[in-house]
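Report on the structure given below.
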There are 2 protein chains.
Amino acid sequence: MKVSTKRRKVRRGRPLKTDAAPDMRERILDAAEDHFSRHGFWGVTVREVAQEAKVDTALLHYYFNTKRGLFDAVFERRAEIINKERSDSIDAYVKSAGSAITVEGVIDAFLQPILQRAATGDQRWHNYFALIAQVNNTPVWGGETMGRTFDNVIHHLIDALRKALPDVSEEELYWSYHFLSGALTLTLSQTGRIDRLSEGVCKSSDFEAIGRRMAPFIASGFERLCKPQTAKRKKIP
Amino acid sequence: MKVSTKRRKVRRGRPLKTDAAPDMRERILDAAEDHFSRHGFWGVTVREVAQEAKVDTALLHYYFNTKRGLFDAVFERRAEIINKERSDSIDAYVKSAGSAITVEGVIDAFLQPILQRAATGDQRWHNYFALIAQVNNTPVWGGETMGRTFDNVIHHLIDALRKALPDVSEEELYWSYHFLSGALTLTLSQTGRIDRLSEGVCKSSDFEAIGRRMAPFIASGFERLCKPQTAKRKKIP
DNA sequence: GCCAATAATCATCAACTGATGAATAAATTC
DNA sequence: GAATTTATTCATCAGTTGATGATTATTGGC
């Protein structure tokens, strides 16, 4: 008696054009993003990704050659979108503000596209932001990858900040951005640390709460470091 | 002709007490710290660690049971040291400042032990801090690990900040700390991003430069968020 | 001086890893 | 409509992985 324990026969060869199947390449990228964002490059196997995307592992190599190629493709896909949005947002603010340009305005314009995408609750963008957070804090290759992907937009941000901070020193400007970058990426990494630490008072998923606080906090730091010491604290003797 | 290609015979069994060998357990932890800090939990194999420590892989399992056990031991070893230093530093400042306590003073007291250890150039502490940075931005288990290891000291910090910020809202306080945590850990992660972005103007290894800027930047943000809006910026109409 | 506990290496395992050449089938080109 | 290109699965490989039971040698307690 032949029991049908044979595994489901999967069609081989190029798929029918009429198959309204979603683009396989995108499906692989979605699955990879999901896994990489949760476990990082080394914590994921190509098999896990292939399984979630419901394709053979060979297909990943067909499209992306190597595991690293797949990772890079994931990292770049949404970067193009968010970089354009941030760049446009800064330009729009600088144009509308004119000579009334402020540090907080620039930073808010820079942050809004990210925080709004995060606030929609779209899990795929959440995952992507968590991935950025990990890469930003990854030694050896994280700095290189972040730079390659985001330096253009960051220089755009810094140019706008220079307009709001006449005669600012380059050093103060870059260090201030560094603190901004750290605060932003930890916020996007969604580890639940703040929920636990605050015993529920703050929720790491509450991007509206973050949106109201982040720009003022960071702008205040920028002004303290980057403006000539008009507001130097008087020491109590 | 017997050519001596046999590999070096290694002594078996418990080592002689007279062997002035460094404590094997510590040697394994050093090697593990070195690797985990650079490549994260999944990017390291127990073989690599064993090889650097010049011991058999079985010895890692003898002392730490599992790879995760080894990782946790690495993470906890220096945490105890740095937590005590930070806690003591905050206490000393609060005591010496009395009623003249300031936000910047508290934050500076909190940061100094870390930045000083980083400034000595001790590679092992550098590695450890880079490890914290990665864990802080690791989804799934990073928040839990950070909380378990550091929440005590952070609550100590937040208690001190409450003294400098009467009637502060809990929510503002915790979000402000979150931004501090992100800025600090990215700074400690030493990815070289800032060096590249600033084209050499800032160096991520220049902890003296960081030490001068971080407390003012962060304290300024805290005051902006946590103080009743006495200094609310007047909007230009 | 015997014996249990300790600290180490050896030898090996079953499972997993990234990758690839071959096979297959549809689409496109000419 | 034949030939080439594209997209997919199949079958498999050589190397790596975390882990462990067996073995060996020394220490420390009685």
Side-chain angles (χ1 to χ4, degrees), chain A residues 5-33 35-36 38-75 141, chain B residues 5-33 35-36 38-75 141:
Chain A
T5 49
K6 258 198 292 188
R7 80 163 122 149
R8 181 174 60 93
K9 199 63 169 257
V10 181
R11 255 199 84 273
R12 282 228 261 185
R14 180 165 176 159
L16 289 153
K17 207 182 174 186
T18 49
D19 274 2
D23 184 0
M24 287 293 179
R25 202 173 179 278
E26 288 295 307
R27 214 163 80 187
I28 293 168
L29 285 172
D30 285 344
E33 184 174 78
H35 280 76
F36 283 135
R38 266 192 261 283
H39 307 109
F41 181 76
W42 293 109
V44 173
T45 69
V46 294
R47 272 171 183 75
E48 288 169 340
V49 174
Q51 215 156 29
E52 184 172 320
K54 295 190 173 64
V55 297
D56 193 277
T57 60
L59 197 59
L60 310 206
H61 288 98
Y62 175 70
Y63 279 120
F64 306 103
N65 291 320
T66 61
K67 185 184 173 186
R68 174 65 61 181
L70 172 60
F71 184 91
D72 288 344
V74 167
F75 202 70
W141 53 275
Chain B
T5 49
K6 259 198 292 187
R7 79 165 121 146
R8 179 174 61 93
K9 200 61 169 258
V10 181
R11 257 200 81 275
R12 284 228 260 183
R14 181 169 177 157
L16 290 153
K17 206 183 173 184
T18 49
D19 274 359
D23 183 359
M24 287 292 179
R25 203 173 179 279
E26 289 294 307
R27 215 163 79 186
I28 293 168
L29 285 173
D30 285 344
E33 184 173 79
H35 279 75
F36 283 134
R38 266 192 261 283
H39 306 110
F41 180 75
W42 293 107
V44 172
T45 68
V46 295
R47 273 172 182 75
E48 288 169 341
V49 174
Q51 214 154 30
E52 184 172 319
K54 293 190 173 67
V55 298
D56 192 277
T57 61
L59 196 58
L60 310 205
H61 289 98
Y62 175 70
Y63 279 121
F64 306 102
N65 290 320
T66 62
K67 185 183 173 187
R68 174 65 61 179
L70 172 60
F71 184 90
D72 289 344
V74 167
F75 202 71
W141 54 272

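First the proteins, then the strands, lettered A, B, ... as listed; each starts at 1.
- Residues A:Leu70 and A:Leu29 have side chains in contact (heavy-atom distance under 4.5 Å, counting atoms from C-beta outward).
- Residue A:Trp42 qualifies as open at atom CH2: its count of foreign heavy atoms under 6.0 Å is 12 or below.
- Taking atom NZ of A:Lys54 as the reference point, atom P of D:dT9 lies 13 Å away to the nearest angstrom.
- For A:Asp30, the side chain to side chain donor-acceptor pair (under 3.5 Å) test picks out A:Arg77, with sequence neighbours left out.
- One interatomic measurement links the two molecules: CE of B:Met24 to C1' of D:dA25, which rounds to 14 Å at whole-angstrom precision.
- Using a 4.5 Å heavy-atom cutoff, the side chains of B:Tyr62 and B:Met24 are not in contact.
- C:dT9 atom C1' lies 13 Å from atom CZ of B:Arg27, rounded to whole Å.
- Remark: B:Ala53 pairs with B:Ile28, B:Ala31, B:Val55 by the side chain to side chain contact (heavy atoms under 4.5 Å, CB included) rule, at least two apart or across chains.
- Between A:Phe41 and A:Phe36, the ring planes are parallel. Angles under 30° get that label, and only those over 60° would be called perpendicular.
- Taking atom CG of residue A:Asp56 and atom P of nucleotide C:dG18, one finds them 14 Å apart after rounding to whole Å.
- Near DNA chain D, defined here as any heavy-atom distance below 4.0 Å, the residues from residues 41-51 of chain B are B:Val44, B:Thr45, B:Val46, B:Arg47, listed numerically.
- When the side chain to side chain donor-acceptor pair (under 3.5 Å) test is applied to A:Gln51, no partner is found at least two apart in sequence or on another chain.
- Taking atom CG on B:Asp23 and atom C1' on C:dA8, their separation rounds to 13 Å, with Å as the unit.
- For B:His35, the side chain to side chain donor-acceptor pair (under 3.5 Å) criterion is met by B:Glu52, not counting sequence neighbours.
- Note: CG (B:Leu59) to C1' (D:dG18) measures 15 Å, nearest angstrom.
- Atom CZ of B:Phe71 is separated from atom P of D:dT17 by 18 Å (rounded to the nearest Å).
- Looking at residues 60-68 of chain A, you'll see A:His61, A:Thr66, A:Lys67 sit with a heavy atom under 4.0 Å from some atom of DNA chain C.
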